[in-house]
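Following: one structure in structure tokens, then a few remarks.
Computed from a predicted structure; not experimentally measured. Atom set for the values below is all heavy atoms of this structure, side chains included, hydrogens, waters and symmetry mates excluded.
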Amino acid sequence: MVAGVLAMALVVYGTYGDSQAPDSQKSGMPFVLVMAALTTIVTFGVLAPRALRAVGAGTAGGRHWAVGLAAASVLGLAVFWSGLPLIVGGAAALVGRAGSESAQHSRAFSAARILGLFAAGASILVTVAGNLLH
């Protein structure tokens, strides 16, 4: 849930931290905030718990969930301003960490953790750099 709050803060900063943001961006911000909140609820209320259960059960599904979340977070960098990579990247890192600490430790979990953290960090970096370099 911390990832969701950070994502919503990133959306607000991406809009109001940019001195050249058009009015359409400012008027669309409430919608993006609602979408970030819904994405957080679905990701951490449904997807991450399922992935963690699969990791706990020791099935290959845990690795699939971890890799899927990591891939979604990296692909989400196309919409870095929405907070999506931060939210889904946080979930990928969470599942990757749980898998790395489990008996079924594999490179897939380590990769998911690294890619999730990369996507989350990159979305913050690109948003901040974009606002500062205007």
Side-chain angles (χ1 to χ4, degrees):
M1 290 299 198
V2 172
V5 173
L6 288 174
M8 289 188 276
L10 188 69
V11 168
V12 172
Y13 173 74
T15 301
Y16 290 106
D18 183 359
S19 60
Q20 299 174 352
D23 288 337
S24 61
Q25 182 179 349
K26 292 176 183 174
S27 66
M29 188 196 56
F31 175 76
V32 178
L33 284 175
V34 169
M35 290 293 102
L38 290 175
T39 301
T40 301
I41 291 167
V42 169
T43 301
F44 288 99
V46 178
L47 302 178
R50 284 186 179 197
L52 292 171
R53 277 193 301 274
V55 169
T59 65
R63 286 190 300 278
H64 296 155
W65 274 105
V67 170
L69 287 167
S73 69
V74 171
L75 292 173
L77 285 171
V79 288
F80 65 91
W81 45 265
S82 69
L84 179 69
L86 188 59
I87 297 164
V88 181
L94 176 69
V95 174
R97 179 176 176 220
S100 294
E101 294 174 351
S102 72
Q104 62 176 4
H105 175 75
S106 75
R107 287 186 290 229
F109 289 119
S110 297
R113 185 176 181 183
I114 291 167
L115 287 173
L117 291 172
F118 166 78
S123 68
I124 294 168
L125 182 66
V126 170
T127 302
V128 171
N131 281 354
L132 293 177
L133 295 176
H134 264 181

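Residues Met35 and Ser82 are not in side-chain contact: their nearest non-hydrogen atoms beyond the backbone lie 4.5 Å or more apart. By the 4.5 Å heavy-atom criterion applied to side chains, Leu94 and Leu52 are counted as neighbours. At least one side-chain heavy atom of Leu10 sits less than 4.5 Å from a side-chain heavy atom of Ser123. The closest side-chain heavy-atom distance from Phe80 to Ile124 is not below 4.5 Å. Residues Tyr13 and Val128 meet the side-chain proximity criterion, which asks for heavy atoms closer than 4.5 Å. Contact of the Phe109 side chain with the Val67 side chain is not registered, since no non-hydrogen atoms from C-beta on lie closer than 4.5 Å.
Side-chain heavy atoms closer than 4.5 Å link hydrophobic residues (I, L, V, M, F, W, Y) into clusters, and following such links, possibly through other members, connects Val88 to Phe44. Both Leu69 and Val55 are assigned to one and the same hydrophobic cluster, defined by single-linkage of ILVMFWY side chains at heavy-atom distances under 4.5 Å.
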Could you please spell out the steps behind the side chain to side chain contact (heavy atoms under 4.5 Å, CB included) verdict for Val126 and Trp81?
-> CA-CA 8 Å; Val126 170; Trp81 45 265; over 6 Å; no

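Interatomic distance, NZ of Lys26 versus OH of Tyr16, reported as 6.5 Å (0.5 Å rounding). For the atom pair CG (Leu84) and CG (Leu77), the distance works out to 9.0 Å, reported to the nearest 0.5 Å. The CG atom of Asp18 sits 11.0 Å away from atom CG of Leu133, with the distance rounded to the nearest 0.5 Å.
Checking Val2, Thr39, Leu6 one by one against Leu86, the side-chain contact (heavy atoms from CB on, under 4.5 Å) holds for a single residue, Leu6.
Closest approach of Val79 and Pro85 over heavy atoms only: O-CD, 4.1 Å.
Between the side chain of Gln25 and the main chain of Gly14, a donor-acceptor pair closer than 3.5 Å is present. In this structure a side-chain-to-backbone donor-acceptor pair under 3.5 Å is present from Ser73 to Ala70.
Atom CZ of Phe118 has 12 or fewer heavy atoms from other residues, nucleotides or ligands within 6.0 Å.
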